[in-house]
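First comes the structure, then the notes that go with it.
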Amino acid sequence: MTKRAESKFKINRRLGVNLWGRGKSPLARGKENPPGQHGARRKKASDFGTQLMAKQKLKGYYGNISEKQFRKLYDEAVRRRGDTSENLIELLERRLDAVVYRMKFATSPFQARQVVNHGHIQVNGKRVNISSYQVKDGDIISVKPKSKDLAIVLESAQSPERDVPEYLDVDHKDMKGKFIRAPKLADVPYPVQMEPNLVIEFYSR
């Protein structure tokens, strides 16, 4: 197993959930204890612990983004009008690496970030290699012509593990898609229950 995959699966075991719904996860094979020598010793979580777990789960799902980036998204969600929890989910789903993952141009959020950072993705015909780039309604996301035959892109596009959500329109033959609209929490196909309201409580303590 590669170091990258091993790290991802440690997140699953630490949080006690199959975060991305992958069949390769240790939890899918019944290995449920957290990693480490004392992983089996679990205590009932406090309110703080429950909120922290919700934050770690949401952060981990999007490729374990940095605390600095996550806090920045929270601050922007608070600044905007409307429900802060829904705003946070919208901002996370507008990240270019998240959109690439949703469009099935990569098999995981980690791989999506790598695909973006290596310059394989275009937004409205221009190369963008910043994974945190915020995609706007109507933006066209495409795989660069020279990258359309990459094995990781082809494998992901053909994978039956996930479906493309309704707020995106994708043509896998042309490796191109459109970001139609920002999703609400209920629209996002999380394999596990996400609780952004607890994340908001964590930061607003």
Side-chain angles (χ1 to χ4, degrees), residues 8 11-12 14-21 45-106 108-113 115-117 121-124 126 128-142 162-170 177-205:
K8 284 187 293 184
I11 295 173
N12 275 352
R14 185 175 72 243
L15 298 177
V17 293
N18 188 352
L19 201 52
W20 301 281
S46 62
D47 288 346
F48 172 82
T50 302
Q51 294 164 0
L52 177 62
M53 184 69 74
K55 186 194 80 159
Q56 290 176 329
K57 200 160 58 171
L58 198 58
K59 266 182 64 177
Y61 180 84
Y62 289 94
N64 217 19
I65 60 180
S66 72
E67 178 62 26
K68 184 179 179 180
Q69 283 189 330
F70 198 73
R71 180 67 196 232
K72 187 177 178 181
L73 290 174
Y74 163 77
D75 290 339
E76 175 62 20
V78 171
R79 190 186 67 79
R80 293 187 174 197
R81 290 182 179 180
D83 186 285
T84 305
S85 299
E86 293 285 0
N87 291 345
L88 179 60
I89 295 300
E90 175 183 334
L91 290 166
L92 286 165
E93 284 294 306
R94 284 188 184 276
R95 282 178 57 100
L96 182 56
D97 54 358
V99 175
V100 167
Y101 173 61
R102 292 278 179 239
M103 289 185 170
K104 296 179 65 176
F105 296 152
S108 72
F110 296 90
Q111 192 181 83
R113 184 177 303 160
V115 167
V116 173
N117 291 346
I121 299 298
Q122 296 177 329
V123 179
N124 299 326
K126 295 182 179 180
V128 177
N129 61 358
I130 301 169
S131 55
S132 60
Y133 176 89
Q134 287 281 298
V135 176
K136 301 178 182 64
D137 292 1
D139 278 354
I140 302 299
I141 315 301
S142 58
R162 294 180 290 125
D163 294 322
V164 176
E166 292 182 357
Y167 49 91
L168 303 172
D169 184 25
V170 183
K178 182 178 182 180
F179 190 95
I180 301 172
R181 61 174 176 84
K184 299 295 184 183
L185 174 61
D187 300 324
V188 183
Y190 293 119
V192 298
Q193 183 182 6
M194 292 296 181
E195 300 168 299
N197 58 307
L198 295 181
V199 179
I200 304 306
E201 289 177 12
F202 175 88
Y203 280 118
S204 58
R205 283 177 297 110

(request) Tell me, please, which residues at least two apart from E90 pass salt bridge (charged side-chain N to carboxylate O under 4.0 Å, His left out). (result) R80, R94
(message) Is the shortest side-chain heavy-atom distance between S142 and F105 below 4.5 Å?
(response) no
(request) Name all residues meeting the side chain to side chain contact (heavy atoms under 4.5 Å, CB included) criterion together with P165; count only those two or more places apart in sequence or in a different chain, and write none if there are none. (result) R102, Y167, L168, P189
(message) Run the side chain to side chain donor-acceptor pair (under 3.5 Å) test against E195 and tell me which residues pass, sequence neighbours left out.
(response) none
(message) D83: which residues meet the side chain to side chain donor-acceptor pair (under 3.5 Å) condition with it, sequence neighbours left out?
(response) none
(request) State, to 0.1 Å, how close I141 and V99 come at their nearest heavy-atom pair, and which atoms those are. (result) CG1-CG1, 4.0 Å
(request) Quick one: pull up CG in N197 and CD in Q51 and give me the separation to the nearest 0.5 Å. (result) 9.5 Å
(request) Using the test ring-ring contact (aromatic ring centres under 6.0 Å, His included), find all partners of F202 that sit at least two apart in sequence or belong to another chain. (result) F48
(message) Under the rule for salt bridge (charged side-chain N to carboxylate O under 4.0 Å, His left out), what residues qualify as partners of D75, not counting sequence neighbours?
(response) R71
(message) Check this for me: E76, atom CD, are more than 12 non-hydrogen atoms of other residues, nucleotides or ligands nearer than 6.0 Å?
(response) yes
(message) A side-chain contact here means heavy atoms from C-beta on lying under 4.5 Å apart; do P196 and Y74 qualify?
(response) no
(request) Write down the atom of D97, the atom of A112, and the distance for their closest heavy-atom approach. (result) O-CB, 3.2 Å
(message) Once salt bridge (charged side-chain N to carboxylate O under 4.0 Å, His left out) is applied, do any residues pair with R205, and if so which ones, sequence neighbours excluded?
(response) none
(message) For a quick test of reading the model, state the closest non-hydrogen atom pair linking L92 to A98 and the distance between them.
(response) O-CB, 3.4 Å
(message) Side chains of S85 and L185, heavy atoms from C-beta outward: is any pair under 4.5 Å?
(response) no
(message) Rounded to the nearest 0.5 Å, what separates atom OH in Y62 from atom CG in L91?
(response) 10.5 Å
(request) State the CG-NZ distance between L19 and K59, to the nearest 0.5 angstrom. (result) 12.5 Å
(request) Tell me, please, which residues at least two apart from F70 pass ring-ring contact (aromatic ring centres under 6.0 Å, His included). (result) none
(request) Nearest 0.5 Å please: distance from the NZ atom of K57 over to the OH atom of Y190. (result) 11.0 Å
(message) Run the salt bridge (charged side-chain N to carboxylate O under 4.0 Å, His left out) test against D169 and tell me which residues pass, sequence neighbours left out.
(response) none
(message) The test is side-chain contact (heavy atoms from CB on, under 4.5 Å); show your working for L58 and L88 and say whether it passes.
(response) CA-CA 10 Å; L58 198 58; L88 179 60; 4.0 Å; yes
(message) So, using side chain to side chain contact (heavy atoms under 4.5 Å, CB included) as the criterion, who are the partners of K72 when residues are at least two apart?
(response) none
(request) Taking K104 for its side chain and V164 for its backbone only, find out whether a donor-acceptor pair lies under 3.5 Å. (result) no
(message) Take a 6.0 Å sphere around CG of D47 and say whether it holds more than 12 heavy atoms from other residues, nucleotides or ligands.
(response) no
(message) How long is the straight-line distance from CG of N129 back to CD1 of I121, given to the nearest 0.5 Å?
(response) 11.0 Å
(request) Could you tell me which residues satisfy side chain to side chain donor-acceptor pair (under 3.5 Å) with R81, sequence neighbours excluded, listed by chain and number? (result) none
(message) So which atom in M103 and which in G177 form the shortest heavy-atom distance, rounded to 0.1 Å?
(response) CE-C, 3.5 Å
(message) List the residues meeting side chain to side chain donor-acceptor pair (under 3.5 Å) with Q193, not counting sequence neighbours, and say none if there are none.
(response) none
(request) Search all heavy atoms of A106 against all heavy atoms of R162 and return the closest pair with its distance. (result) O-NH2, 2.8 Å
(message) Once rounded to the nearest 0.5 Å, what's the spacing between atom CD1 of I89 and atom CE of M194?
(response) 7.5 Å
(message) Which residue is it: V135, I65, V100? I am looking for the one with a side-chain contact (heavy atoms from CB on, under 4.5 Å) to R95.
(response) I65
(request) Search all heavy atoms of D139 against all heavy atoms of K136 and return the closest pair with its distance. (result) OD2-N, 2.9 Å
